[in-house]
Structure formats: C-alpha cells, structure tokens
2 protein chains.
Amino acid sequence: MLYKTRLAIVDDHPVVIEGLQKLLLNVDEIDLAGTFTSGSDFIQFLKNSSIELVILDISLPDINGTDLCKQIKTIAPETIVLAFSNHTERSVVMKMLQNGASGYLLKNVSAVELLNCINESLKGQIVFSEAVKEIITKPGLQNFSEIPKLTKREKEILCLISEGRITIDIAKMLFLSKLTVETHRKNLLQKFKAKNVAELIKIASKEGFL
Amino acid sequence: MLYKTRLAIVDDHPVVIEGLQKLLLNVDEIDLAGTFTSGSDFIQFLKNSSIELVILDISLPDINGTDLCKQIKTIAPETIVLAFSNHTERSVVMKMLQNGASGYLLKNVSAVELLNCINESLKGQIVFSEAVKEIITKPGLQNFSEIPKLTKREKEILCLISEGRITIDIAKMLFLSKLTVETHRKNLLQKFKAKNVAELIKIASKEGFL
DNA sequence: GTAAATATACCTGTTTACAGGTATAAAGCA
DNA sequence: TGCTTTATACCTGTAAACAGGTATATTTAC
C-alpha cells in the first residue's frame, strides 16, 4: 500500500480549487484531504485532522492568508504551508516567511513547477516560483522609492526608540542633551516621512532597519 | 578559456577566510577576487570592481552584516549575497532576507553543502543550510515565548496606530469613543509588554502582525 | 580645500500618550 | 445555562512627544 501525503487547498476561487484538484488527482502520492474556501473552515478542520501540506491563497474572505498561516503553524507546527497567490509585493512574501510558510508560489506557475515545489517542500526545502526569487533577492527594484539614508547616530537613536526608551533616557545613555536627541528624533520622522514614532517604527522595521 | 565566477569573502576571522579559501581554490569555476575582514574595506572594493557572489559573515567589527548586505544590494543589486554565520536566531535570518540575501548558511555546513549552495545561488536559487530551513519553517520553536493573542478590534487598532493615526482619529474612523480606543491601546501595550507605542510597533512587526 | 552633511545644543508652546483606576453590555464558549 | 472574554465608555493627572523654529562645531566627501 502506497503512503499518501495528506494535502489541503484553501482558496476562495472555486475555479482555482478545481484546477488544482484536477492537477493533483493524477498524482498517486497525494491524497487530497480537503478543499476550503474560507480560513475558518480550514482551521476548524485542522483541529481534528492532520494535514501534511496546505496550499494557501492569501486573499480570503474572512481572514488574510498571512494571519491564517501563523494560526496554522501554531495549531500544527509540522504542517507545511505553501503560499499560492497573485501578490507580487515583496512585503507580502516576507510576511508569509515571517509567519512560517515553507514557500511562495505565484499563481502563474506551470504545473510542472508546482508539482516540483510540492515535492521539494515535503522534503523540507523552502521553495519559490521563479519570479518570486527575483522579488526576494532584488529589494531595490520594488521599493526603490526611497530608502532613507541614516547616519550612525540616527540608527543608534532609532534603535533605542524602538526599544521603548524615552528621549531623556536616550540622552543620558549617549551622553547627549535631551534637546539633541529630540532633534535626531525629528530628523528621523522627516526622513521616513512619518507622522509619529508609531509610523516611524513601522516603516523602519519594514525597511529592515530594526 | 573557462569563465570564472568572481567571488569575495567578508569575515573578520582570518581562520575562516583561510578555510574557505583553501576550499574554494580547488574549484576551477571560481575566481576568488578578494577577502576582507571589515565591511568598509569591502564596500570600497565593490565600488570599483564587480563581484558576482559574496560570502558574508554577520558579525563584523565596523558594521553589522545585515546593514552591509543592504548596502551591497544598493550599490550592486546583481551581486549575490550569501550569509555565513553562527547566528541561529530566526530574526537574524529574516533580516538578512529582508535585506536581499540569497541565502543563509550556518558555519557548520559541510564543504559539499557549501559548494552546492554556492552553485545553486549562482543559478538564482535561494538557499539555506539544513538547520536554517527548520528555523524558518518552525517559528513556534524559537519564540514560542509569548505571541499575544489579539482580538479583531485590537488588530484593527494596532494597524491604524502603526499607520501613524492618533487616538482621536482612530475613534472617529471606527465610530468609537476616544476613551474606548485608549483602552484598546492600553491593552495592546500590556499584551505585548511594551513600554510605549514605539516598542509596541517594533514587537508587533517582528511577530508578523503588521 | 572647500562645501555639504552630521552631530551637537537650545527655546516655546500645544498636542498626545500613558498610568491608574471603574464599569457594563454583548458576544462567545462550556 | 452560566461563565469568560471582548468591546465598549468614562475620569484625572502627569509625562512625553511633536511642531516650529535657530545656531554652531566637527566630520565627511568631492
């Protein structure tokens, strides 16, 4: 008796599910354990069944795919999550990885590439479709917008701010006047075009400064 | 005449450089264009020479490897960066990817695995040494510490805060009292054990909430 | 060697955040 | 069903951030 990999599909487009289903039915080693059009449906299912690999769309009606990925990895850390999406934004790819995905495929992958990625990820590999590799390794292409250039001091202070330190403490730690730190803080807000620290830290974090 | 890949090594431990050098000298297709023990040395070099692949240590005397990686990808987006480090923290791995690295190898990789990774990354693959794959796909193992569980409302407000909105505006947008939003904000600070929004946003971002 | 960028310091007023409470209706779960 | 969590609302005072300036050594870069 052949061992079969239990696989699930989560995608709110029935057409996509149909397509994947047809594709995977031909594969002997795969047991399509279920298809779901909403995140909560799948979570419910996952609580009672074990799934080895799930193909996960990112745009879902009830919950976004990145959050869902995190939930899946919390409930079933061994379940392999492959993102399957149209989103080409670098930030989305990174967030999926952040949340434990084992790979990211754009929906334009070929059948061969898809099957290959499924197999590789089952072996523990981390897989990306061709276009995604470019997106990951060429950060400049996307957000060439403006990555502000910070001085050493600014980076230092940015970092301390992100740790929750208040201005006066930062001043003491760096042997500066409180007012100097305020100036740096002001410059940071300007450089990042942020309205306040909250936005500042978000952008800085996204740009990889923290 | 054989075409050779121009490769550089940046590592502040001379021993590591020696070791890599010896290993790579046996490889015909590789031209070891230079070895560097500090980040600024390499940056200087990179401005005048083209390098196809650089093996990059993360702990350096003058600049940290993640920042250096970002600089490299800015100056020479085509240069492939392979992180080569002892750091097993998930956050470090993610930051290197964030900054455009094509892979992450722990220093305990075997010679075979290393050469294999170099070759694969030259083909455009994104590569990780075995242990790193585990680190990426099992977020829970490391920071199982406490990932706070947020309600839908809290996520909503967290997100708005991260966009730089102030309390009163958030209240208006969600048709809530300013005071209610303040309570949510307070709860967020508590759940994330943050001293203020700056720290809140940093942690939330690291945990993948944003 | 000169110009530009950086780091430093100061001032004033207004707005916002934060700490420390209390309280209640509604939704969700057992 | 009854218990718990979630979302809602309110109060008060203090601390901190932010906006809007000006100004000057000291590096760094060209």
Side-chain angles (χ1 to χ4, degrees), chain A residues 40 43-44 47-48 62-63 71 75 146-204 209, chain B residues 39-41 43-44 46-48 62-63 67 71 74-75 148-204:
Chain A
S40 51
I43 289 293
Q44 212 51 47
K47 281 178 181 162
N48 303 308
D62 55 339
I63 183 176
Q71 270 188 260
I75 299 171
E146 284 127 287
I147 303 169
K149 287 192 173 75
L150 302 190
T151 69
K152 217 176 287 180
R153 249 318 183 225
E154 285 168 344
K155 279 183 203 167
E156 208 172 358
I157 288 172
L158 172 61
C159 195
L160 290 169
I161 292 174
S162 82
E163 285 166 6
R165 317 272 183 182
I166 64 175
T167 304
I168 187 73
D169 287 346
I170 296 175
K172 281 178 191 160
M173 293 171 76
L174 303 181
F175 305 104
L176 297 177
S177 149
K178 173 198 159 192
L179 300 149
T180 303
V181 177
E182 264 184 16
T183 305
H184 285 303
R185 173 194 280 270
K186 223 179 304 182
N187 290 336
L188 282 166
L189 289 177
Q190 254 183 18
K191 287 193 180 182
F192 282 93
K193 299 196 212 312
K195 288 185 279 295
N196 53 34
V197 267
E199 198 179 8
L200 168 68
I201 300 298
K202 189 196 68 170
I203 302 174
F209 284 97
Chain B
S40 50
D41 282 0
I43 289 293
Q44 211 52 47
L46 192 63
K47 281 179 181 163
N48 303 307
D62 55 339
I63 184 176
D67 283 354
Q71 271 188 257
T74 306
I75 298 172
K149 287 194 173 73
L150 303 190
T151 68
K152 217 177 285 181
R153 249 320 183 222
E154 285 167 343
K155 278 184 201 165
E156 207 172 359
I157 287 172
L158 172 60
C159 196
L160 290 168
I161 292 174
S162 83
E163 285 166 7
R165 318 272 183 182
I166 63 175
T167 305
I168 186 74
D169 287 347
I170 296 174
K172 280 176 192 161
M173 292 171 76
L174 302 181
F175 306 104
L176 296 177
S177 149
K178 173 198 159 192
L179 300 149
T180 303
V181 178
E182 264 182 16
T183 306
H184 284 303
R185 173 193 281 270
K186 221 178 308 182
N187 290 337
L188 283 166
L189 289 177
Q190 253 184 17
K191 286 193 179 182
F192 282 93
K193 297 195 213 314
K195 287 185 281 295
N196 53 33
V197 266
E199 198 179 8
L200 168 69
I201 300 298
K202 190 195 70 170
I203 303 173

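Residue numbers begin at 1 in each chain, while the letters A, B, ... track the order of the sequences.
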K.L.:
Could you check B/D169, B/L160, B/I170 and say which one makes a side chain to side chain contact (heavy atoms under 4.5 Å, CB included) with B/V181?
P.N.:
B/I170
K.L.:
Roughly how many Å is it from NZ in B/K152 to P in D/dA7, rounded to a whole number?
P.N.:
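Answer to the nearest Å: 9 Å.
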K.L.:
Which distance, rounded to the nearest 0.5 Å, do you find between the CG of B/L179 and the CZ of B/R185?
P.N.:
12.5 Å
K.L.:
Counting just side-chain N and O atoms, does B/S177 come under 4.0 Å of either OP1 or OP2 of D/dC10?
P.N.:
yes
K.L.:
Between B/T167 and B/I161, is a side chain to side chain contact (heavy atoms under 4.5 Å, CB included) present by the stated rule, with each step listed?
P.N.:
CA-CA 8 Å; B/T167 305; B/I161 292 174; over 6 Å; no
K.L.:
Does B/T180 have a side-chain nitrogen or oxygen under 4.0 Å from the phosphate oxygens OP1 or OP2 of D/dA9?
P.N.:
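Answer is yes, contact under 4.0 Å.
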K.L.:
Can you tell me how far P of C/dA19 sits from CD of B/Q190, to the nearest Å?
P.N.:
9 Å
K.L.:
With a non-hydrogen cut-off below 4.0 angstrom, is A/I168 in contact with a base, only sugar-phosphate, or nothing?
P.N.:
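Answer is nothing: A/I168 stays at 4.0 Å or more from every strand.
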K.L.:
Measure from the side chain of A/K191, starting at C-beta and using heavy atoms only, and say which of C/dT6, D/dA7, C/dA7 lies closest.
P.N.:
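Shortest atom-to-atom distance from the side chain points to C/dT6.
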K.L.:
Of A/N196 and B/E182, whose closest DNA chain D nucleotide lies nearer the 5' terminus?
P.N.:
B/E182
K.L.:
With a 4.0 Å limit, can you tell me whether A/T167 has a side-chain N or O closer than that to the phosphate oxygens OP1/OP2 of D/dA17?
P.N.:
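Yes, such a contact exists.
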K.L.:
Tell me whether B/K178 at atom NZ has more than 12 heavy atoms from other residues, nucleotides or ligands lying less than 6.0 Å away.
P.N.:
no
K.L.:
Let me know the distance between CG of A/L150 and P of C/dA5, rounded to the nearest Å.
P.N.:
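Answer to the nearest Å: 15 Å.
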K.L.:
Taking atom P of C/dG20 as reference, at what distance in whole Å does atom CG of B/L189 sit?
P.N.:
12 Å
K.L.:
Please report the distance, rounded to the nearest Å, between CZ in A/R185 and P in C/dA9.
P.N.:
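It is 16 Å, rounded to the nearest whole Å.
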K.L.:
Which residue, A/V197 or B/L179, contacts DNA chain D at a nucleotide closer to its 5' end, judged by nearest heavy atom?
P.N.:
B/L179
K.L.:
Toward the 5' end of DNA chain C, which comes first, B/K186 or A/K149, by nearest nucleotide?
P.N.:
A/K149
K.L.:
Does A/E156 form a salt bridge (charged side-chain N to carboxylate O under 4.0 Å, His left out) with A/R153? I'd like the steps, not just the answer.
P.N.:
CA-CA 5 Å; A/E156 208 172 358; A/R153 249 318 183 225; 3.0 Å; yes
K.L.:
May I have the distance from A/I170 (atom CD1) to C/dA9 (atom P), rounded to whole angstrom?
P.N.:
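Nearest whole value for this atom pair: 14 Å.
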K.L.:
Please report the distance, rounded to the nearest Å, between CG in A/N187 and P in C/dT8.
P.N.:
12 Å
K.L.:
Measure from NZ on B/K178 to P on D/dT12 and round the result to the nearest Å.
P.N.:
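After rounding, the gap between these two atoms is 12 Å.
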